[in-house]
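Positions are given from 1, in the same order as the sequence printed here. Just so you know, ligand 1 is whichever comes first in the structure, and atom 1 is the first atom listed for that ligand.
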Amino acid sequence: MDVVTAEEMRAFDRDTIERLGIPAIALMENAGRAIAEEVIALCRRRASEAGVPGGGMWGAGAGAAGGVVRNSEAGVPGSELGRDGAGVVGGEARHVGAGTARGGVWRNGAGISGAEVKWEGAGTTGGGMMRDGAEAAGDVAGALSGRGAPGFGADAAGFSVGGDAALTLAGAGGEHWLVLAGKGNNGGDGLAAARHLREAGIAVTLVYAAAPESLAGEAALQRDAAAAMGIPAVVYGKDALDLAACSGIVDALLGTGSAGAPRGAYAELIAAANASGRAIVSADIPSGLDADTGETHEPCIHASVTVCLAFLKRGLLQYPGAGAAGRVVVRSIGIPAALAREGGVQVSLLTPEVLTARLKVDLARRRSPEGHKGTYGHVLLAAGSLRMSGAGLLSARAALRAGCGLVTWALPEKLLPYVIGSVPELMLAPVTGGDGEWNAGTAAEVLRLSTSRDCTAIGPGLGRFEGDTEWLRRLWEETEGPMVIDADALNILADTDYRSWSRRHPVILTPHPGEMARLAGISTAEVQRDRIGLALSYAVQHGVILVLKGAHTVIATPEGLAYINITGHPGMGTGGAGDVLTGIISGLLAQGLEVDQAAAFGVYLHGLAGERAARKRDHPAALIAGDIIEAL
Ligand SMILES: NC(=O)C1=CN([C@@H]2O[C@H](COP(=O)(O)OP(=O)(O)OC[C@H]3O[C@@H](n4cnc5c(N)ncnc54)[C@H](O)[C@@H]3O)[C@@H](O)[C@H]2O)[C@H](O)CC1
Ligand SMILES: [K+]
């Protein structure tokens with residue numbers, strides 16, 4: 001799945017309209033439908049969670065034709081809102097109960113609109129106007145003939161008609177949604193959605209953030225269509241408004257055209273929507289979110305669901321924005337996905353499909369029946385010190401669990417007696433250093449060890465020592481095979497300009513935000529401000545694979561590509577989890593994966609193992625790094 005910036009989004013929008021000839025209004029209609037479908041899906045989920053039969057919050061029977069539906073459960077008068085000003089003034093909300101007869105061209109079950117209605121079973125196809133929405137979720141033929149829905153056997157001779165299930169909500173009569181509409185196209189999306197919600201029998205009131213006459217282009221067209229349908233509307237600041245007096249809110253205030261912190265009415269509506277306690281469905285992005293960096297301005301919508309249009313936006317994957325979006329659903333609106341590939345989009349969500357199709361990773365990690373430990377490679381690990389011996393053990397064990405054949409752990413000789421037998425599968429290579437700490441004189445020994453290993457990992461529990469920069473430079477320039485640099489080895493790099501160092505084999509750096517801050521010479525807060533942007537620029541400038549750890553780890557490559565991982569668990573914020581990741585990545589490298597494959601797949605597996613390990617604990621806080629290894 002591609003991940004885009006606001007600018008890329010606008011370019012693909014323009015290309016679709018101008019080159020492919022798809023009218024902008026068509027895209028907006030599709031956006032509106034997608035938003036409405038997700039609102040209806042939320043209503044269904046909410047109703048089923050409330051244990052209300054019939055799929056609707058109030059049950060199919062409650063939707064009496066045109067009747068006033070009171071939703072006593074939520075303490076919110078259902079349809080009275082638009083009638084007597086208990087909530088929203090400015091026109092009456094027309095309440096189309098589920099039972100109200102009205103025509104409507106049915107869409108096929110897949111929810112794909114089309115002029116033709118597909119007749120299941122009868123084998124014939126043809127257009128047709130069908131009865132109202134009461135039977136929408138059921139089977140019209142069955143209802144018409146009074147018999148049950150056609151199954152097999154005696155009833156098979158009849159035919160059935162599927163309805164537009166995605167835009168139908170049993171018990172819709174009790175729902176009343178407010179659509180907060182900005183004056184841009186995000187607002188236009190919301191206005192289009194309002195019509196579809198009305199079609200589903202849901203009462204809707206539009207809340208314009210700006211004077212409706214200030215809308216232009218497609219948004220103005222949507223405004224007029226909504227008015228022509230008699231959808232009630234109020235203007236913020238002119239009409240009385242109580243955002244809590246509804247059953248849900250569509251946030252269509254600001255989208256990718258937003259700049260800076262929300263201002264004026266927009267800011268006030270965002271704050272009021274958050275304060276309402278009502279479920280909020282955001283169009284494209286939560287209003288107040290920076291679509292590129294994930295920065296949340298003050299105020300920013302906290303959505304239950306974000307219906308992201310066409311392509312996933314970078315800001316929805318980066319905290320704090322990722323924490324404001326709720327459940328993110330990416331919906332196609334008619335902009336071809338291929339435009340992202342053709343347009344050179346750099347960032348992908350790290351999914352199994354991306355691992356397979358773009359990184360060519362064999363997720364099954366198939367093994368030859370003739371394989372032996374030599375087949376699966378040999379990791380050299382230069383790590384551990386008297387006070388941090390565990391880091392070496394964790395990395396070494398993780399490499400073995402990741403599937404490599406052999407691991408040699410080079411460690412200060414004084415540690416040896418204490419770790420012998422800790423991991424029987426591990427080979428130990430003591431290097432000289434009397435006091436249990438590393439020293440600059442060990443570079444030659446590590447280099448000698450590296451000549452017969454497939455990759456080298458340096459850093460976990462290493463500590464700092466006199467001459468460590470020159471020590472690392474020798475290893476950087478002279479070790480064979482790919483190298484993984486972590487922990488204190490990263491701090492050594494941060495203290496020097498290593499871009500002058502020569503390197504024949506690729507390098508993976510695995511900093512957490514604090515180590516990244518030191519590497520980039522900025523504050524940790526600045527690192528977190530735009531993780532994707534920073535990781536990409538650093539990886540390209542320094543010619544390394546950069547694994548910027550944290551919630552939604554970013555894997556960036558020297559070629560300017562990035563993958564965003566979303567496996568993992570907050571319980572993984574525990575000492576040693578990074579050492580485990582270093583081991584996993586090294587173990588994959590030893591098995592012959594390329595550096596980008598090993599980094600991305602290693603992060604992905606590390607996160608999955610963390611999720612699995614957390615589930616095994618009574619509380620995820622009890623998760624420790626070793627649990628992650630055992631869950632691989
Ligand atoms: N593929 C697409 O790009 C599609 C986009 N769609 C929707 O359109 C919006 C982007 O619309 P745009 O008109 O560019 O801007 P916005 O609607 O996001 O709002 C900008 C609007 O608000 C004013 N404004 C900007 N910043 C602020 C602020 N900080 N405070 C207050 N007001 C602000 C500004 O003056 C503009 O008037 C995209 O997100 C999609 O939802 C369609 O779906 C079609 C395809
Ligand atoms: K929005």
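- Computed with the K ion (ligand 2) at the centre, the Asp251 O to Asn186 OD1 angle is 90°, stated to 10 degrees.
- Shortest contact from atom 5 (C) of ligand 1 to any protein heavy atom: Asp13 OD2, 4.7 Å.
- Ligand 1 has a nitrogen or oxygen under 3.5 angstrom from a nitrogen or oxygen of Asp189.
- Put simply, atom 34 (C) of ligand 1 has no protein non-hydrogen atoms near it, under 4.0 Å away.
- Nearest protein heavy-atom contact of atom 17 (O) of ligand 1 is Asn186 N, 2.9 Å.
- Formation of a donor-acceptor pair under 3.5 Å by the Asn274 side chain with backbone atoms of Cys300 is found in this model.
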Exercise for review: Could you give me the CA-CA distance, side-chain angles and deciding distance for Arg195 and Glu199, then say whether salt bridge (charged side-chain N to carboxylate O under 4.0 Å, His left out) is met?
Suggested key: CA-CA 6 Å; Arg195 296 200 336 270; Glu199 276 298 283; over 6 Å; no

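- With respect to Asp292 and Lys313, no salt bridge is recorded, no charged nitrogen being found less than 4.0 Å from a carboxylate O.
- Looking at atom 10 (C) of ligand 1, its nearest protein heavy atom turns out to be Thr256 OG1, 3.4 Å.
- The pair Asp2-Arg358 meets the salt-bridge criterion, since a charged nitrogen lies less than 4.0 angstrom from a carboxylate oxygen.
- At a heavy-atom cutoff of 4.0 Å, ligand 1 is contacted by both the backbone and the side chain of Leu254.
- Not one N or O on the side chain of His196 forms a donor-acceptor pair closer than 3.5 Å with the backbone of Ala36.
- Of all heavy-atom pairs between Val3 and Ser348, the closest is CG2-C, 3.8 Å.
- We find that Glu38 and Arg331 are joined by a salt bridge, their nearest charged nitrogen and carboxylate oxygen being less than 4.0 Å apart.
- Across Asn185, Leu339, Val307, Ile270, heavy-atom proximity to atom 12 (P) of ligand 1 is greatest for Asn185.
- The single protein non-hydrogen atom nearest to atom 15 (O) of ligand 1 is Gly257 CA, 3.3 Å, given as residue, atom name and distance.
- Listed by atom number, the atoms of ligand 1 under 4.0 Å from Gly260 heavy atoms are 29 (N).
- With respect to atom 1 (N) of ligand 1, the closest heavy atom belonging to the protein is Met9 CE, 2.9 Å.
- Checked options Thr306, Ile301, Thr296; the residue passing with Leu289 is Thr296 (criterion: side chain to side chain contact (heavy atoms under 4.5 Å, CB included)).
- By the criterion of a heavy-atom distance under 4.0 Å, the backbone of Ala261, and not its side chain, is placed next to ligand 1.
- For ligand 1, the atoms lying closer than 4.0 Å to a non-hydrogen atom of Ala31 are 43 (O).
- The pair Asp290-Arg314 does not meet the salt-bridge criterion, since no charged nitrogen lies less than 4.0 angstrom from a carboxylate oxygen.
- The Gly184 neighbourhood of ligand 1 comprises atoms 13 (O), 17 (O), with distances under 4.0 Å to a heavy atom of that residue.
- In terms of protein heavy atoms, atom 18 (O) of ligand 1 is closest to Gly255 N, 2.6 Å.
- The distance between the ring centers of Phe12 and Phe311 falls below 6.0 angstrom.
- If you look at Ile333 next to ligand 1, the close heavy atoms, those under 4.0 Å, all belong to the side chain.
- Counting all heavy atoms, side chain and backbone alike, Ala219 lies closest to Asn185 at N-OD1, 4.2 Å.
- When each atom of ligand 1 is checked for a heavy atom of Pro262 under 4.0 Å away, the hits are 28 (C), 29 (N), 30 (N).
- In terms of protein heavy-atom proximity, atom 28 (C) of ligand 1 is closest to Arg263 NH1, 3.4 Å.
- For Leu546 against Ala535, the heavy-atom pair with the smallest separation is CD2-CA, 3.7 Å.
- No salt bridge links Arg531 with Glu526; every basic N to acidic carboxylate O contact stays at or beyond 4.0 Å.
- At a heavy-atom distance under 4.0 Å, no atom of Thr16 approaches ligand 1.
- Residue-level proximity to ligand 1 for Ser258 is carried by backbone and side chain together, each with a heavy atom below 4.0 angstrom.
- If you put the vertex on the K ion (ligand 2), OG of Ser287 and O of Ala283 sit 170° apart, to the nearest 10°.
- Put simply, the side chain of Asn565 never gets that close to the backbone of Thr553: no donor and acceptor are under 3.5 Å apart.
- Note on Glu7 versus Arg10: salt bridge recorded, some NZ/NE/NH1/NH2 to OD/OE distance being below 4.0 Å.
- Close contacts of ligand 1 with Ile335, meaning ligand atoms under 4.0 Å from a residue heavy atom, involve 1 (N).
- The angle subtended at the K ion (ligand 2) by O of Ile285 and O of Leu254 is 90°, given to the nearest 10°.
- Residue Ala259 places at least one N or O, backbone or side chain, under 3.5 Å from an N or O of ligand 1.
- Of all the atoms in ligand 1, the ones that sit under 4.0 Å from a non-hydrogen atom of Leu309 are 40 (C), 41 (O), 43 (O).
- The part of Asp284 lying near ligand 1 is the side chain, judged by heavy-atom distances below 4.0 Å.
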